[in-house]
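Labels below follow one simple rule: chain letters A, B, ... track the order of the sequence lines, proteins then strands, and each chain is numbered from 1.
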Amino acid sequence: MSEIASSNPVPVPADFIRDIVTTHVAEKRYPQIITRFPPEPNGYLHIGHAKSICLNFGIAREYQGRCNLRMDDTNPAKEDLEYVESIQEDVRWLIRGWADHCLGLKAQGTGPIDEVIGGRTDYRMEAVMAADGVEREPFFASDYFEQIHRYAVQLIRLGKAYICDLSPADTEHYRGSPDRPGTDSPFRTRSVEENLALFARMTAGEFPDGARTLRAKIDMSSPNIWLRDPVLYRIRHVEHHHTGARWCVYPLYDFAHCLSDYLEGITHSICTLEFEVHRPLYDWILQALTLPRPLPHQYEFARLNLGYTLISKRKLMALVKEGLVSGWDDPRLPTLSGMRRRGVRPEALREFARSIGVTKYNALTDVAVLEKAIRDDLNRYATRRLAVLRPIKVVLTNLGETETVELTAVNNPEDPASGTRTIQLTREVWIEQDDFMEVAPPKYFRLRPGGEVRLKYACIIRCDDVVKDAAGRITELHCTAQFDTRTGGTNAAKKVKGTIHWVSASLGIPAEVRLYDRLFTEEEPEKDGRDFKSVLNPGSLSVVFGFIEPSLSGANLGENFQFERLGYFCLDSDNSATKRVFNRTITLKDAWAKESVKV
RNA sequence: UGGCCGAUGGUGUAAGGGUAGCACAGGGGUCUUUGAAGCCCCUAGUCAUGGUUCGAAUCCAUGUCGGCCAGCCA
């Protein structure tokens, strides 16, 4: 099956970042291209992260480089082990069969090693690839706390950082505003010795949370706020999920990130646009330390915005915490775990990422692009099966109660190698309620009183009688089967306008099927500052009980099916031996739905 | 009213001085034992105004519009 996917030549993407990397490769600027994907373990990964993962791992694989998976875990108050685990699972899932060989991890439990360069002790974090056969784990920024702390001491010695006693509120006041310069902290001129002593006491836990900070000494009047003596270290008497109680001072993102990149030998540190204004600080820190090895550089691209979708860990967290969805892996969520549960394959997500490109323009991507990628992937890959979601009974009056007709059905017309299976036609079958209309419009190709339609893989039937109950509701349709129109039959070539799917009423298996629609009724849920909770789609989940063909009793978690004429489906994790539960990944395109609304 | 970044069909994205191309969406047709898929065709665009140039989407200037930045979050 994977041969199908790989037999289609995948165009190598080009974008402004890859252009830069291509130039650097041509210049032989680096021995190897090393990128990184550095999520903070404070939530689950979503489709926005998928764009970043595809970019970073994509570059790594295109240039025979490596992409380090790193937990950017410098804020213990918000982070959790649950997230570091889900992140690993999601990343591995997304790059599976594509960039596994580029996944940079480190040997279990290791940290940076000392390295003396030019008489000066520096530090380096080594990656270990899968081929090396050792137990591995992701990188953790928190594994570098010791080294980062030493770099902070160096900065103090250089007179480029100081301990500030300003309260958080005062720090804010002194910072000024975008159009008004800040004011120097009264603690800015402390001696190196005093700063060193104070930093040591901070680190030793002598001061309460928020009492003091370590700040870079840059320029309080800089038009760039992030150069106005940014805070580098803060006091937090909190246990860390990875380092335990070892520290009570934690570096901030700006200080930890550039140094983590440096320690790992990252060549291209790719992040989203909102960090653009941080880049001068990123460069300042690395340059201030006059580090002996090549410095990483930061490049920024626009984060993903998707129609009818909320992409923000914080807001997804709100949906989860408030019980508006069933969990981080609710199939309606754009989380990787949610989409995986829904039946989206990593191939589709990768194709989506490729097709939207990488730019610095803050775009709103049409959700149809995602849907197209999912359908294209599943069309090629998914096994075809028959299922009826909203059943109505058809009695084939010319077939005996115990008679069955054996038929051959194609498993996937897009993939001849997938072969065929045998299905049984019986006297009573289920068809879709939508596939019969008592009073049908002219362009309706399906079953109507006196009309003919083909039962997929079987034969043409004619509707002779519509049977109703006392209340006038249709209970069943009496039809005659034209067996000579079967495949290979004497009248097989007979044409009718419509072909519909069906499931044997006596052999079919009942199943619960969960149908998903977009979570929001508005393309931009938060447009004009509106609360996204006010535009939740009440119909985003509907549950139906239908019948599936017998072979589906052998379905496994992780397999994708096309229920013919309906859409793509997969087993849900709620499935059990006694209760079949399927998710609809996405519908098939429905030309009739468009046609039928035309007057 | 500070700084940084951006602007190409409805939506995205190419073209980086030389014919504005591709995808999605939309429309039409064809095929069809999935009203799917496939195949064919169509619709539709360089934010504005100046300037440089034989020639500008591309370079320059100004303007307009949009995004980001004032966490001891990332």
Discussion item. Which residues pass the ring-ring contact (aromatic ring centres under 6.0 Å, His included) test with A/Tyr162, not counting sequence neighbours?
Written reply: none
Fill in: Under 3.5 Å donor-acceptor pair, A/Thr487 side-chain atoms to B/U33 base atoms
yes
Item to complete: For B/G71, measure the glycosidic angle (O4'-C1'-N9-C4 for a purine, O4'-C1'-N1-C2 for a pyrimidine) and name it syn if it falls within 90° of 0, otherwise anti.
Response: syn
Worksheet item: Does A/Lys497 place a side-chain N or O at less than 4.0 Å from the phosphate oxygens OP1/OP2 of B/G35?
Response: no
Response to the item:
Stems with RNA chain B, 3 or more Watson-Crick or G-U pairs in a row (under 3.5 Å), are B:2-7 with B:64-69, B:10-13 with B:21-24, B:26-30 with B:38-42, B:47-51 with B:59-63
Discussion item. Any N or O donor-acceptor pair under 3.5 Å from the base of B/U33 to the side chain of A/Arg454?
Written reply: yes
Fill in: side-chain N/O A/Arg234 vs B/A74 OP1/OP2, d < 4.0 Å
yes
Worksheet item: Using a cut-off of less than 4.0 Å, is there contact between a side-chain N or O of A/Lys313 and OP1 or OP2 of B/A74?
Response: no
Practice prompt. Identify, with sequence neighbours excluded, every residue that meets side chain to side chain donor-acceptor pair (under 3.5 Å) alongside A/Glu264.
Written response: A/Asn68, A/Arg70, A/Tyr144
Practice prompt. Write out all pairs satisfying salt bridge (Lys or Arg N to Asp or Glu O under 4.0 Å) with one or both partners inside residues 489-501 of chain A, taking only residues at least two apart or from two chains.
Written response: A/Glu452-A/Lys494
Practice prompt. Could you tell me which residues satisfy salt bridge (charged side-chain N to carboxylate O under 4.0 Å, His left out) with A/Asp366, sequence neighbours excluded, listed by chain and number?
Written response: none
Worksheet item: Tell me, which pairs form a salt bridge (Lys or Arg N to Asp or Glu O under 4.0 Å) where one or both residues lie in residues 160-185 of chain A, sequence neighbours left out?
Response: A/Asp165-A/Arg190, A/Asp165-A/Arg212, A/Asp184-A/Arg188
